[in-house]
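Chain A is the first sequence line, chain B the second, and so forth, proteins listed ahead of strands; every chain is numbered from 1.
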Number of protein chains: 2
Amino acid sequence: MDATVKRKARPPKGTRVQPPRLAEPAHESDGAHLELRIWLRLLSCATRIEKALNARLRKEFNTTLARFDLLAQLARRPAGATMSEVSELLMVSNGAITALVQKLEADGMIHREVDSEDRRTFRLRLSQEGAKEFGRMARRHEEWVIALIGELSPVAQSDLLQHLTLLKRRLDKHT
Amino acid sequence: MDATVKRKARPPKGTRVQPPRLAEPAHESDGAHLELRIWLRLLSCATRIEKALNARLRKEFNTTLARFDLLAQLARRPAGATMSEVSELLMVSNGAITALVQKLEADGMIHREVDSEDRRTFRLRLSQEGAKEFGRMARRHEEWVIALIGELSPVAQSDLLQHLTLLKRRLDKHT
DNA sequence: TATTGTTATACTCTATAACTATA
DNA sequence: TATAGTTATAGAGTATAACAATA
């Protein structure tokens, strides 16, 4: 879904004297504080990867990253999870979860059973085909991610992971 | 209803080999490839920061990150930019840009002038109040980002920036 | 014919608040 | 009263495709 924005063509005339610059969603990224530059680059990378993954999930599986993430949470919890738990895990409101779950249930990817002890709650679980389909998606997803990130050297990768982990810990405390 | 449904609850002790982990929106993140773990952490960090910034922009300035980013692009281009240029810079479709621009114009943040040489195109520029308001937003924005990221040591920050820059370059080539 | 930008349409994700049914 | 989840509503962002004006 990229590479087709036809803006390569540039008005041949004009008195524009700006230096050539790579597309950079930055606010004065050059003199700015380190923190700002990190954030802009982080956002840029995440957006790029997210768009790529979303487009491919749509194309190959007719689904989205949000749904994929919900399935992933259930996939690692054979005992299932409640709506509220999923809501917290995905950091998304209860109402939004209801919508996602309805869609996934309608597609036959998950089912919900009333909890035997508290009839207000459901346990969500992958259905059998849901588990299979998620397996297919997860494999492709991983291939895509490896293709996108795998060009970095192993050392760079492990450094990057380490620093992101550090950042995430700070955010966990700070948010 | 086993009361402590939270994932944090753990057997009091044990022979765990794995490091303690916080809630992690991951798909089997432990045995997974490095690339996958990087992506999940990257996404997690970006989402957290983005949500925080969006909420604050909404609260203090009644605006959004998408609009802020568009303004930021104009702020660094005194000569202005066309719709298509902005579309490319923000990696967003032309139709979506029209919507954003209409909103910002209605708010008096920007104006658009018909290009004297090509009457199909507009030049978008910050209005005077737009520039002032953007200045206020940018200052706050930077404070927030510094507060969120600034807990990392300077060394960690510069390493992180370096690795993200590397990643971004690969993505530029690869996407 | 090609390009710039608009419009119409639709879809996804999201939050909030009022609501229901349990507890 | 408090909690789990639903519904109704609203709004942002997005893409696509058909279209108009201009090149």
Side-chain angles (χ1 to χ4, degrees), chain A residues 1-14 43 47 50-55 57-59 61-70 80-88 90-107 112-124, chain B residues 1 3 5-6 43 47 50-55 57-59 61-70 80-88 90-107 112-124:
Chain A
M1 62 106 81
D2 53 357
T4 43
V5 192
K6 18 270 202 194
R7 195 52 209 104
K8 306 291 195 357
R10 199 161 276 268
K13 51 194 55 182
L43 179 60
T47 303
E50 198 174 6
K51 276 187 189 231
L53 295 180
N54 240 325
L57 280 174
R58 168 73 63 199
K59 193 168 152 198
F61 299 100
N62 193 33
T63 191
T64 65
L65 210 43
R67 290 176 210 158
F68 178 75
D69 286 342
L70 200 161
T82 66
M83 304 287 286
S84 296
E85 283 166 357
V86 170
S87 164
E88 195 181 335
L90 300 184
M91 297 191 295
V92 152
S93 70
N94 253 338
I97 292 297
T98 296
L100 280 178
V101 162
Q102 281 171 345
K103 171 65 176 156
L104 288 171
E105 197 183 16
D107 290 349
R112 54 199 337 187
E113 311 157 13
V114 179
D115 186 292
S116 46
E117 303 190 7
D118 182 343
R119 270 166 356 214
R120 294 172 303 181
T121 76
F122 301 101
R123 293 215 78 75
L124 308 174
Chain B
M1 177 217 308
V5 257
K6 301 302 194 178
L43 180 59
T47 303
E50 198 174 6
K51 274 186 192 234
L53 295 179
N54 241 325
L57 280 173
R58 167 73 64 199
K59 194 168 149 201
F61 299 101
N62 193 33
T63 191
T64 66
L65 211 44
R67 289 175 211 159
F68 178 75
D69 286 342
L70 200 161
T82 66
M83 304 287 286
S84 295
E85 282 165 358
V86 171
S87 165
E88 191 183 343
L90 300 184
M91 298 191 293
V92 153
S93 71
N94 255 336
I97 291 297
T98 296
L100 280 178
V101 161
Q102 280 170 345
K103 171 65 176 154
L104 288 170
E105 196 183 17
D107 290 350
R112 54 198 338 186
E113 310 158 14
V114 180
D115 186 294
S116 46
E117 304 190 6
D118 182 343
R119 267 161 4 207
R120 291 173 304 181
T121 77
F122 301 101
R123 292 216 80 73
L124 307 174

inquiry  = Checking A:Thr82 against A:Asp115 for the side chain to side chain contact (heavy atoms under 4.5 Å, CB included) test, could you report, in this order, the C-alpha distance in whole Å, the side-chain angles of both residues, the deciding distance, and whether it holds?
reply    = CA-CA 9 Å; A:Thr82 66; A:Asp115 186 292; 5.7 Å; no
Whole-Å gap separating [atom2] ([N]) and [atom1] ([X]):
X	N	atom1	atom2	answer
B:Ile97	C:dG5	CD1	P	11 Å
B:Asp118	C:dT3	CG	P	12 Å
B:Phe122	C:dT4	CZ	P	13 Å
B:Met83	D:dA20	CE	C1'	15 Å
B:Gln102	C:dT6	CD	P	7 Å
A:Lys59	D:dT16	NZ	C1'	16 Å
A:Glu88	D:dA4	CD	P	11 Å
A:Met91	C:dA15	CE	C1'	15 Å

request  = Measure across A:Ala66 and A:Leu100 and return the closest heavy-atom pair with its distance rounded to 0.1 Å.
outcome  =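 A:Ala66 and A:Leu100 have their closest heavy atoms at CB-CD2, 4.3 Å.
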query = Between B:Arg112 and C:dT4, is there a side-chain N or O to OP1/OP2 distance below 4.0 Å?
reply =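 No, because none of the side-chain N or O atoms of B:Arg112 sits under 4.0 Å from OP1 or OP2 of C:dT4.
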inquiry  = Does a side-chain N or O of B:Ser84 approach OP1 or OP2 of C:dG5 to a distance below 4.0 Å, or not?
reply    =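 Yes, within the criterion.
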ask   = Under 4.5 Å between any side-chain heavy atoms of B:Thr63 and B:Arg58, yes or no?
value =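 No, every pair of side-chain atoms sits at 4.5 Å or beyond.
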request  = Check whether any side-chain heavy atom of B:Met83 lies under 4.5 Å from a side-chain heavy atom of B:Arg120, and answer yes or no.
outcome  =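 Result no, sub-4.5 Å side-chain heavy-atom pair not found.
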For nucleotides 11-13 of chain C, give me every protein contact, N/O to N/O, under 3.5 Å, one pair per line with atom names.
unit_1	atom_1	unit_2	atom_2	d
C:dT12	OP1	A:Arg67	NH2	3.4
C:dC13	OP1	A:Thr64	OG1	2.2

key: Backbone N/O of B:Phe122 and side chain of B:Arg112: donor-acceptor pair under 3.5 Å   =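 No; zero donor-acceptor contacts below 3.5 Å.
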message = Between A:Lys103 and A:Arg67 (side chain of the first, backbone of the second, donor and acceptor by atom type, cut-off under 3.5 Å), is there such a pair?
response =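 No, because the side chain of A:Lys103 does not come within donor-acceptor range (under 3.5 Å) of the backbone of A:Arg67.
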message = By the 4.0 Å heavy-atom rule, please label A:Thr98 as base, sugar-phosphate, or nothing.
response =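 If one applies the 4.0 Å heavy-atom cut-off, A:Thr98 turns out to touch a base.
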key: Side-chain donor/acceptor contact of B:Arg120 with base of C:dT3 under 3.5 Å   =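 Side chain to base: pair found, below 3.5 Å.
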task = List for me each residue that meets side-chain contact (heavy atoms from CB on, under 4.5 Å) alongside A:Ser93, sequence neighbours excluded, and say none if there are none.
result =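 Here the qualifying residues are A:Ala96.
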message = Here's a test of your reading of the structure: between A:Arg119 and A:Ser93, which maps to the more 5' nucleotide of DNA chain C?
response =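 It is A:Ser93, whose closest nucleotide lies nearer the 5' terminus.
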ask   = Side chain of A:Thr121: nearest nucleotide among D:dA4, D:dT6, D:dT7?
value =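 Taking heavy atoms from C-beta onward, the closest nucleotide is D:dA4.
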